[in-house]
Amino acid sequence: MEGTPGNAETAALFERIADLLEIRGENVFKVNAYRRAAENILETGCPLAEIRAEGTLRQVPGVGEAIAEKIEELLDTGRLGFYERLREEVPESLLELLEVPDIGPKRVGLVWKNLGVTDLAGLSAAAADGRLKDLPGLGAKSEAKIRKGLEDLASRKIAVRTPLGVAWELAAAVRESLLGAPGVERIEAGGSLRRMKETVGDLDFLTAASDAEPVMDRLAESPLVAEVLLRGSTKMSVRFRGGMQGDLRVVERARWGTAWQYFTGSQAHNVLLRELALKNGYSLSEYALKRTDGTERLCAEEEEVYRILGMAWIPPELREGRGEIEAALKGGLPRLIELADLKGDLQSHTEASDGRATLEEMAEAARKRGLRYLLVTDHSQGLGIAGGLSPEALLRQVSRIRELGRSFGDGFRLLSGSEVEVHSDGSLDFTDDLLKEVDLVVAAVHSALSGDREKVTGRFLSAVRHPLVHILAHPTGRLLTGKGRTGADADWDRVFSEAAATGTALEINASPMRLDLTDTLARRAMELGCLFAISTDAHAPEQFDFAHFGVSVAKRAWIPPERVVNTWEVDRLLKWAREKPARVADRVR
DNA sequence: GCCGTTTTCGGCCCGACTGTTTTCAGTCG
C-alpha cells in the first residue's frame with residue numbers, strides 16, 4: 001500500500017480482516033463488527049483522515065475503540081500490524097475460495113485445517129480426488145456441487161456484478177415474461193436494482209400469487225434462464241444466460257409490504273430496521289411484524305411497515321444504512337429530486353461530432369419528452385476520436401442553433417454549448433473568445449486520468465476555476481461497461497470545495513455506462529455545498545431515456561432539486577452562467 | 001468488537017433451502 005489508504009481501501013482491508021477472522025473460526029459477532037465498520041467507512045463520503053483530524057472517528061457508526069485505533073495506525077503508517085500478523089496465520093489465498101458457490105467461511109476453514117488446502121487449485125484437486133466427501137458435515141452431493149461450482153467459476157459462467165443499465169433491461173424482460181403466469185397478482189424487482197445501485201449482483205423478483213407453482217414453472221422454462229439452481233415451495237434461484245443469478249420469492253398479497261421491504265434491502269438497512277422493530281416490541285421478518293405474544297400484524301404495503309415503526313416511507317435509493325432511518329424517525333428525510341423536476345438536459349451530441357442524429361432530431365426528441373431546453377455540446381477539436389468540432393464548425397453550429405431557436409412555438413429553447421477538452425496543462429481546447437459565443441460550456445477531461453494525483457487534481461481545479469466553464473462533465477471519467485475503466489484518483493475534496501466556491505456545477509452523467517459522479521462522491525459534493533447538472537450525454541434520441549438513472553444517483557446522494565441547475569427555468573440558468581466570471585473574480589479577491 | 005430512552009454486561013435480524021442429519025449446520029440473501 002502506498003501512502004495513506006483512502007476510505008475504500010480501508011473498508012476493503014476491514015472486509016478482508018473479517019473474512020480471515022471468520023475462516024479462523026472467530027466469534028461471528030466480532031467478525032460482523034468489522035464488516036459493519038467497513039460498510040460505514042465505505043459509505044462515508046468524508047475522508048477518514050479528515051474525520052480523524054476533527055476527532056470524531058468514534059462517531060462513525062460501528063467504529064469503537066479498537067477499530068478507531070486501527071484506523072489511526074493505518075493513517076499514520078500506511079500499515080496495520082494486526083492484519084500483518086493475521087495473514088501470517090491464515091493464508092490470504094484462502095479468500096479466493098469464498099468465491100465458490102456453496103463455500104463459505106466454515107467450509108474454507110474445514111478444508112484448510114483438515115486437508116491443508118490453501119487456494120483454488122488445492123480445492124479443485126481435493127474435489128477431484130474425492131477427499132471432500134469424507135469431511136464432517138459434507139458428503140458426496142456436497143462434493144459434486146462444489147466441483148460444479150469450481151467449474152462454473154473457472155469457465156466464467158458466474159457474473160460478478162452487472163452494470164445497472166444491463167441488469168435493468170434483463171429485469172424488465174423477465175418481469176414481462178412472468179406477469180402473465182396464472183394466479184400472479186403483482187410482480188416487482190427488488191434488491192439493489194430497485195435501490196438503483198450502479199452495479200447489481202443478482203436480480204430479486206417478488207411475486208404476490210395465490211399459487212407459487214405456475215410462476216416458478218414459467219421462470220424455469222424461460223428462454224432467458226440457463227439453469228435452475230434451487231427450488232423450494234416459495235423460493236427459487238436461477239442463473240440467467242450471461243451469468244447473472246436471479247431469485248424469485250412468492251408471498252401472499254396480504255404480506256406484500258413486509259416482503260417487498262425485506263427483498264429490497266439493503267441488508268444493512270434491514271438489520272437496522274429489525275433492531276428498531278425489536279425495541280418497539282416487534283420481530284420483523286418478510287412475513288409480518290410479530291408481537292412477542294406471537295400475534296402478527298400483516299402489512300400489504302411498505303408504507304405500513306415504516307408507519308408502524310414510527311416513520312415515513314423511505315425511498316429505496318436511500319436504504320443503505322447511511323442515516324436514513326434516523327432521519328425518517330426525526331421527520332427529516334430530504335425532499336428528493338424526481339424525474340419530473342428536470343426541465344432540461346445539459347449534455348447532448350449530434351452527428352456533427354460523435355452523435356447519431358441531427359440537431360433537429362435531437363431537439364425534437366428532447367421537446368417530446370417534455371423538456372423545456374436542450375444544451376447541444378458536441379466535442380471540441382482536440383478529441384479527434386470523437387470527431388471534435390473545429391472553431392469554424394462550432395460557429396456554424398451556433399448560428400444554426402440561433403435560427404432553429406425561433407422555430408419552436410411552445411417556448412422550447414435550444415441552447416448552444418461545447419464539451420470542451422481540458423488539456424494536460426489545464427488549459428482549454430478553445431479560446432475564450434470562441435467560448436464566449438456559446439450559452440454554456442461543459443469542460444471534460446478525457447485523457448491521462450490515471451496520472452499523478454497532484455497533477456490530475458490540478459487539471460480539475462483549473463477547469464473549475466475557469467471563468468467560462470459552467471459544468472464539469474463526468475468528473476471521474478470511469479466506465480462501467482466492457483472492460484471498464486477506473487475513475488481518476490484526484491483530491492476530490494479540493495475539487496468539490498473549489499466547485500462550490502465558484503458556483504461550478506458537477507455533472508451527474510446519467511448514461512448507464514458512466515453514472516459519474518458516483519453516488520458516494522456526489523453525496524460528499526452535496527455536503528460541501530456543490531451544484532449539480534444531471535445530463536444524459538445523449539448521442540441518439542432514445543438516449544434521453546437515461547435521465548432516470550442520473551436522477552437515481554442524485555437520490556442516492558440525498559440531493560434536493562434546488563441544487564440541480566437543470567431543474568431551474570432557462571432564464572435563471574443563463575443568468576447563473578453569465579455570472580460565472582464575477583464569481584471567480586470574487587473567489588480570487 | 002460494538003453498543004445502551006429498561007443494559008457499561010450481555011446481548012448482537014430473520015428465514016428458505018440443502019444436505020447430512022436423528023435435530024441441525026452451513027450458505028445465502
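Here the structure is a predicted model, which is why all the values come from computation and not from measurement. Chain letters run A, B, ... following the sequence lines, proteins first, then strands; residues in each count from 1.
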When you look at A:Arg195 and A:Glu324, which way does the salt bridge (charged side-chain N to carboxylate O under 4.0 Å, His left out) test go after all the steps?
CA-CA 13 Å; A:Arg195 300 200 311 280; A:Glu324 69 279 6; over 6 Å; no
Using a cut-off of 4.0 Å between protein heavy atoms and nucleotide atoms, how would you tag nucleotides 8-13 of chain B 5' to 3' with B, S and -?
----BB
Side chain of A:Tyr34, heavy atoms from C-beta onward: which of B:dG29, B:dC14, B:dG1 has the nearest atom to it?
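The closest nucleotide is B:dG1.
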When you get a sec, tell me which of B:dG29, B:dC2, B:dA16 is the closest nucleotide to the side chain of A:Lys235?
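Nearest listed nucleotide: B:dA16.
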Using the [atom1] atom as the reference point in each nucleotide, state the distance between [N] and [M] in Å, no decimals.
N: B:dT5; M: B:dG1; atom1: C1'; value: 24 Å
N: B:dC28; M: B:dT20; atom1: P; value: 16 Å
N: B:dC12; M: B:dT7; atom1: C1'; value: 13 Å
N: B:dC13; M: B:dC2; atom1: P; value: 16 Å
N: B:dT8; M: B:dG4; atom1: P; value: 13 Å
N: B:dT21; M: B:dC17; atom1: P; value: 22 Å

Gap between atoms [atom1] and [atom2], on [X] and [N] respectively (whole Å):
X: A:Phe263; N: B:dC28; atom1: CZ; atom2: P; value: 16 Å
X: A:Tyr282; N: B:dC14; atom1: OH; atom2: P; value: 15 Å
X: A:Leu229; N: B:dG29; atom1: CG; atom2: C1'; value: 14 Å
X: A:Leu230; N: B:dG15; atom1: CG; atom2: C1'; value: 14 Å
X: A:Leu272; N: B:dC2; atom1: CG; atom2: P; value: 16 Å
X: A:Glu39; N: B:dG1; atom1: CD; atom2: C1'; value: 15 Å
X: A:Met236; N: B:dG15; atom1: CE; atom2: C1'; value: 19 Å
X: A:Asp19; N: B:dC28; atom1: CG; atom2: P; value: 12 Å

Under 4.0 angstrom, heavy atoms only, what part of the nucleic acid is [X] near: base, sugar-phosphate, or nothing?
X: A:Ser233; value: sugar-phosphate
X: A:Lys145; value: sugar-phosphate
X: A:Asp247; value: sugar-phosphate

Name all pairs fulfilling the side-chain hydrogen bond (donor to acceptor under 3.5 Å, both in side chains) condition that reach into [range], sequence neighbours left out, sorted by first residue then second.
range: residues 328-339 of chain A; result: A:Arg335-A:Asp341, A:Glu338-A:Lys555
range: residues 230-239 of chain A; result: A:Asp152-A:Arg239, A:Glu213-A:Arg231, A:Asp217-A:Arg231, A:Ser237-A:Asp247
range: residues 168-182 of chain A; result: none
range: residues 92-104 of chain A; result: A:Arg16-A:Glu92, A:Tyr83-A:Glu92, A:Arg87-A:Glu92

Please walk me through it: do A:Leu74 and A:Glu9 pass side chain to side chain contact (heavy atoms under 4.5 Å, CB included)?
CA-CA 10 Å; A:Leu74 272 168; A:Glu9 286 166 285; over 6 Å; no
Quick one, A:Ile559 with A:Leu336, criterion side chain to side chain contact (heavy atoms under 4.5 Å, CB included). Give me CA distance, side-chain angles, the key distance, then yes/no.
CA-CA 6 Å; A:Ile559 295 174; A:Leu336 295 180; over 6 Å; no
Partner residues of A:Glu43 under the side-chain contact (heavy atoms from CB on, under 4.5 Å) criterion, sequence neighbours left out:
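Testing A:Glu43 for side-chain contact (heavy atoms from CB on, under 4.5 Å), a comparison that skips the adjacent residues, returns A:Glu320, A:Arg322, A:Thr520.
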The criterion is side-chain contact (heavy atoms from CB on, under 4.5 Å); which residues satisfy it with A:Ile51, sequence neighbours excluded?
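Applying side-chain contact (heavy atoms from CB on, under 4.5 Å) to A:Ile51 gives A:Thr44, A:Cys46, A:Leu48, A:Thr56, A:Leu57, A:Val60.
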Would you please test A:Phe14 and A:Leu42 for side chain to side chain contact (heavy atoms under 4.5 Å, CB included) and show each step?
CA-CA 10 Å; A:Phe14 285 141; A:Leu42 191 62; over 6 Å; no
Do A:Tyr262 side-chain and B:dG15 base share a donor-acceptor contact under 3.5 Å?
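Absent.
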Donor-acceptor pairs under 3.5 angstrom involving side-chain atoms of residues 108-117 of chain A: please list them, not counting sequence neighbours.
from, atom 1, to, atom 2, distance (Å)
A:Lys113, NZ, A:Arg24, O, 3.2
A:Asn114, ND2, A:Leu110, O, 2.9

Cation-pi check, A:Arg249 to A:Phe205: give yes when NZ or CZ is under 6.0 Å from the six-membered ring centre and within 45° of the ring axis, no otherwise.
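Cation-pi check for A:Arg249 and A:Phe205: fails.
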Between protein and nucleotides 20-23 of chain B, what N or O pairs are separated by less than 3.5 Å?
from, atom 1, to, atom 2, distance (Å)
B:dT20, OP1, A:Gly139, N, 2.8
B:dT20, OP1, A:Gly139, O, 3.4
B:dT20, OP1, A:Ala140, N, 3.4
B:dT20, OP1, A:Lys141, N, 3.4
B:dT20, OP1, A:Ser142, N, 3.3
B:dT20, OP1, A:Ser142, OG, 3.3

A:Gln245 or A:Lys70: which one's nearest nucleotide on DNA chain B is closer to the 5' end?
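It is A:Lys70, whose closest nucleotide lies nearer the 5' terminus.
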Under a 4.0 Å N-O cut-off, is there an ion pair linking A:Glu39 with A:Arg35?
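Result for this pair is no, no salt bridge flagged.
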For the pair A:Arg253 and A:Glu301, find out whether any cationic side-chain nitrogen is under 4.0 Å from an anionic carboxylate oxygen.
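The answer is yes: the pair qualifies as a salt bridge.
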List in numerical order all residues of residues 59-69 of chain A for which some heavy atom is under 4.0 Å away from an atom belonging to DNA chain B.
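Hits under 4.0 Å, by residue number: A:Pro61, A:Gly62, A:Val63, A:Gly64, A:Glu65, A:Ala66, A:Ile67.
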Base of B:dT6 relative to its sugar, syn (within 90° of 0) or anti?
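It is anti.
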Taking side-chain hydrogen bond (donor to acceptor under 3.5 Å, both in side chains) as the test, write out the residues that go with A:Glu198, two or more places apart.
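Testing A:Glu198 for side-chain hydrogen bond (donor to acceptor under 3.5 Å, both in side chains), a comparison that skips the adjacent residues, returns A:Arg478.
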B:dC17 phosphate, OP1 or OP2, under 4.0 Å from A:Thr234 side-chain N/O:
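So the side chain of A:Thr234 is within the cut-off, an N or O lying under 4.0 Å from OP1 or OP2 of B:dC17.
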Does B:dG1 have OP1 or OP2 under 4.0 Å away from a side-chain N or O of A:Lys30?
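True: A:Lys30 side-chain N/O within range (under 4.0 Å) of B:dG1 OP1/OP2.
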Looking at B:dT8, which nucleotide sits across from it as a Watson-Crick or G-U wobble partner, both distances under 3.5 angstrom, or is there none?
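Here B:dT8 is not engaged in any pair, so there is no nucleotide opposite it.
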Would you say CZ of A:Arg524 has more than 12 non-hydrogen atoms from neighbouring residues, nucleotides or ligands within 6.0 angstrom?
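Counting other residues, nucleotides and ligands, CZ of A:Arg524 exceeds 12 neighbours.
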Listed pairs, N/O of protein and of nucleotides 24-27 of chain B, under 3.5 Å:
from, atom 1, to, atom 2, distance (Å)
B:dT27, OP1, A:Gly104, N, 2.7
B:dT27, OP1, A:Gly104, O, 3.1
B:dT27, OP1, A:Arg107, N, 3.0
B:dT27, OP2, A:Lys106, N, 3.3

